[in-house]
Undergrad: 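Below are the structure tokens for one structure; questions will follow.
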Amino acid sequence: MGSIAWVFTGSLSAVEQGLIYALLALGVFLTFRILNFADLTVDASFTTGAAAAAMWISSGHSPWLGLLLGLVAGSLGGLVTALLHTVGKIDPLLSSILTMLGLYSINLRIMGGRGNVSLIKAQTLFTPIRDLLGTWGSVAIMSGAVLVVVVILNWFLATDFGLAIRSTGDNPGMAASFGVSNNKTKTAALMIANGLVGLTGAVVCQYQGFADIGGGTGLILAGLASVILGNAILGTRFMFLALVGVAVGSVLYRLAIFLALKLPFFETTDMKIISATIVVVALIVSQSARLRSMFARLSPWRAKPDLPEPMTVVPNAFSPLATADAVSAGPETRGLDHEDEWPKSPRTPRLKPAPNVTATTEKGAE
Amino acid sequence: MLELTDVHKTFFAGTVNERRALRGVNLHLDDGDFVTIIGSNGAGKSTLLNIIAGTMSVDFGTISINGRNVVKLAEHKRAAGIARVFQDPQAGTSPHMSIEENLAVAVTRGRTRFLHHGVSRTRKARFREELATLGLGLESRMTHRVGLLSGGQRQALSLLMASFTHPDILLLDEHIAALDPERAELVLGLTEKVIRESNLTALMVTHNMEHALRLGNRLLMMHEGRIVYELGPAEKAGASVDDLLDMFASSKGVLSDRTLLG
């Protein structure tokens, strides 16, 4: 019994981290899933938010305004990516990588040329609740804060403008034909998403007591893993559940890393390879038909689609809400490598896009 | 209403693949005109609709709507007055959004979208009413994702989404070509009803000459980027499919001779 207790010592800290990084994961959900935009700006805009907040707070200013500053700084990073893509007509992936690269220098400038800004002596958000950290109390407070963000996003995505963003991600041609300016919606979504990421940076630097120039490295993967995990568990049938799932996924991701580091062989320096492995496993599980159906059977609380879904779209891994559909649809929706898909084995029959699969229900309705 | 003057469009200009899709098209539509367009593949029918909608730019010529030249206006801005239904049933709707959410995007056509709740109670009531006119039972499935619908249902929904805000011009690009005969007839019937009841100005591209004759008050035949025949209301009422076939044959003859001589 003693050894089990030892394994879980400090797991609440992992939950806390998961809840904080849930904000980042929600940002990633917004770009990767809702907007269908592979945005790698995250790695740098996180640090931009952290750097801006850390410089502000370390000079004795309000930590709450520091949050706002982080949010604005992050969203400006998103704006740069958006402009490169919409005005510069540069591919999404490339424009975000360019922003990421350029922001590194900007981040160093913000931090006054130092690679690390300490907040140990400064008054942060966490100073008043220092004693609560690592207890259920702080977990409750943070869950509440994340829930507020989830509720706001859920409301926003159901407004006229939010629906326009979703239609841009889902079918840009259709969006344009109804007067949606795809450039405007993309810009807004990228700014909101990276604003959330910058906000995460501002919280994290206060949580850990410093901002580091390399603090954002690999966070896009953490966000993506949270999105994939969360959507696999809670589905994407309902936007609210999808958003909650992303937060849950973030917590699970941090717990998985935490527990892996407890294994005898691993050292703290192995964190990156563990993160990478978790993402690889999540990706493979979410794309393998057999593992998926196993997983679906194992989780009875998963939101089930209301009808057998005739897949009329072949999404890639980044397409909006693809993964959850993939749970119910056939191997056609494996994603990522759909360009070289060819029936390799007779055991995996290819599901042809079948627009009339629901013909029987339709007839009934007629 | 809609006026096209000497519109030219060439693809891959200056290369071996150069294709002159439109070679000086002139077209005038009055309010309430419903024009059907026929013509062989590559005649420029779809290009014509695309340049009116703004999906493609013109090389030369003007397009004016209600007296305003819209040649330089972006597609999403023209969409305020121009609605489209595409050939591909998947093109006109958003598969991962619900029926009511799709309708909410459609109902805000041409308006600035703010933070108003997309599927408000009043809108929902209106959507239910409008969906009921399709007679497909979709009004009881409003929260279902559009990706779950069959091609015919999606195309009927696209048609509703395109038309229920009373656009100035409705463009139908072979919108029933991908459907089986039964559903094609259903969507065609809905098309006729919607255009008649809302008195819309519409352009419909089709490969089915019987449809082209049955629907609309005017008929255009295109060939190699030009409008080669035009039937007004009186002539169209008296024309038969055989007449159209004769026109086809003669237009080909005329044009190939002209090409040879030119």
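Residue numbering restarts at 1 for every chain, and letters A, B, ... go by the order of the sequence lines.
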Undergrad: Is B:Ala74 in contact with chain A via its backbone, its side chain, both, or neither, using a 4.5 Å heavy-atom distance?
TA: neither

Undergrad: With a 4.5 Å cut-off on heavy-atom pairs, point out which of B:Ala106, B:Pro89, B:Gly54 contacts chain A the most.
TA: B:Ala106

Undergrad: Let's test your reading of the structure: which of B:Arg111, B:Met161, B:Met97, B:His117 forms the most heavy-atom pairs below 4.5 Å with chain A?
TA: B:Met97

Undergrad: For B:Lys124, is there an ion pair with B:Glu130 - N to carboxylate O distance below 4.0 angstrom?
TA: no

Undergrad: Is it the side chain or the backbone of B:Ile82 that comes within 4.5 Å of chain A heavy atoms, both, or neither?
TA: backbone

Undergrad: Is there side-chain contact between A:Leu76 and A:Leu79, with at least one heavy-atom pair below 4.5 Å?
TA: yes

Undergrad: Got B:Leu48 and B:Met56 here, is their nearest side-chain heavy-atom distance under 4.5 Å?
TA: no

Undergrad: Does the side-chain contact (heavy atoms from CB on, under 4.5 Å) test come out yes or no for A:Asn171 and B:Thr93, once each step is laid out?
TA: CA-CA 7 Å; A:Asn171 187 348; B:Thr93 47; 5.6 Å; no

Undergrad: In terms of heavy-atom pairs under 4.5 Å, which option from B:Leu115, B:Val105, B:Thr112, B:Val107 contacts chain A the most?
TA: B:Leu115

Undergrad: Run the numbers on B:Arg109 and B:His166 for side-chain contact (heavy atoms from CB on, under 4.5 Å), then give the verdict.
TA: CA-CA 10 Å; B:Arg109 170 192 296 284; B:His166 303 289; over 6 Å; no

Undergrad: Please look at B:Ala91 and chain A and tell me whether the side chain, the backbone, both or neither of the residue comes under 4.5 angstrom of a heavy atom of that chain.
TA: backbone

Undergrad: Report which part of B:Ser158 has an atom under 4.5 Å of a heavy atom belonging to chain A: side chain, backbone, both, or neither.
TA: neither

Undergrad: With the threshold set at 4.0 Å, does a side-chain nitrogen-carboxylate oxygen contact exist between A:Asp160 and B:Arg123?
TA: yes

